[in-house]
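Remarks on the structure that follows.
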Amino acid sequence: MRAVQQSLGFSLSRFSPASAYQLAAMRLGRTDLGLKRRFTESLYAYRTAFTAYIRAEKPRRDDHADRRQRKGGAAGPERFAAVQPGRHDQSEQSPADLIILTLYAFGAVALALIAFNRYDVR
């Protein structure tokens, strides 16, 4: 229900020039509201990989400790190969957002030019 309400709110906010500009800029800058969701998904994937590594490493760690005691060597367990948790900043880029930003930019320049031409110094 909340997702439906958010979707409706974002659809209605496209009619407001300031809101449409803000949302388009956020999406093109990849700082939109889906960033948190993508970030937490990548953290969960990283946590799963790290937990699997720790569970697999525990028997090896005990085995390495036994070998060191018998041999007197200083060989330690393998290091954790850091798994890239994924890029959480990837989002869909809509051509509509680029069009909105372009139209607002040209509109602002046109309004500024009209205001400049109407200005009378006398």
Side-chain angles (χ1 to χ4, degrees):
M1 182 68 177
R2 184 176 181 185
V4 173
Q5 289 175 347
Q6 281 183 342
S7 175
L8 178 64
F10 287 133
S11 297
L12 291 176
S13 71
R14 290 287 182 183
F15 294 112
S16 166
S19 179
Y21 185 81
Q22 177 71 24
L23 290 173
M26 285 173 56
R27 181 171 290 170
L28 289 174
R30 295 182 177 162
T31 58
D32 58 339
L33 300 174
L35 179 68
K36 180 182 183 288
R37 179 188 48 80
R38 292 187 304 271
F39 179 70
T40 54
E41 286 174 359
S42 68
L43 283 179
Y44 287 135
Y46 184 79
R47 181 179 69 179
T48 302
F50 188 73
T51 303
Y53 168 78
I54 293 297
R55 287 186 179 149
E57 188 63 32
K58 175 112 174 84
R60 284 191 227 148
R61 203 175 320 144
D62 294 339
D63 187 40
H64 282 295
D66 291 341
R67 285 187 204 165
R68 266 189 299 204
Q69 286 177 355
R70 280 185 268 146
K71 288 185 177 181
E78 294 178 19
R79 296 187 64 109
F80 175 62
V83 177
Q84 184 70 7
R87 292 191 50 100
H88 57 273
D89 61 349
Q90 293 176 346
S91 64
E92 315 83 36
Q93 290 188 357
S94 171
D97 292 327
L98 190 59
I99 291 170
I100 288 171
L101 285 176
T102 304
L103 288 176
Y104 283 134
F106 281 124
V109 169
L111 288 175
L113 185 63
I114 290 170
F116 180 76
N117 286 335
R118 286 187 179 177
Y119 181 71
D120 190 13
V121 181
R122 293 185 234 179

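Predicted model only: the values in this text are computed from it and were never measured.
Note that OH of Tyr21 is 11.5 Å distant from CD1 of Ile100, once rounded to the nearest 0.5 Å. Distance check: Thr51 OG1 to Tyr46 OH gives 10.0 Å after rounding to the nearest 0.5 Å. Rounding to the nearest 0.5 Å places CZ of Arg118 at 11.0 Å from CG of Leu113.
The side chain to side chain contact (heavy atoms under 4.5 Å, CB included) test applied to Gln6 returns Arg2, Phe10, not counting sequence neighbours. Every residue two or more places apart in sequence or in another chain was checked for a side chain to side chain contact (heavy atoms under 4.5 Å, CB included) with Thr48, and none qualifies. Considering only residues two or more places apart in sequence or on other chains, Leu12 meets the side chain to side chain contact (heavy atoms under 4.5 Å, CB included) condition with Leu8, Phe15.
Residue Leu103 belongs to a hydrophobic cluster whose other members are Ile99, with links defined by side-chain heavy atoms closer than 4.5 Å.
In this structure a side-chain-to-backbone donor-acceptor pair under 3.5 Å is missing from Ser19 to Ser16.
Across every non-hydrogen atom of Ala24 and Leu101, the tightest pair is CB-CG, 3.9 Å.
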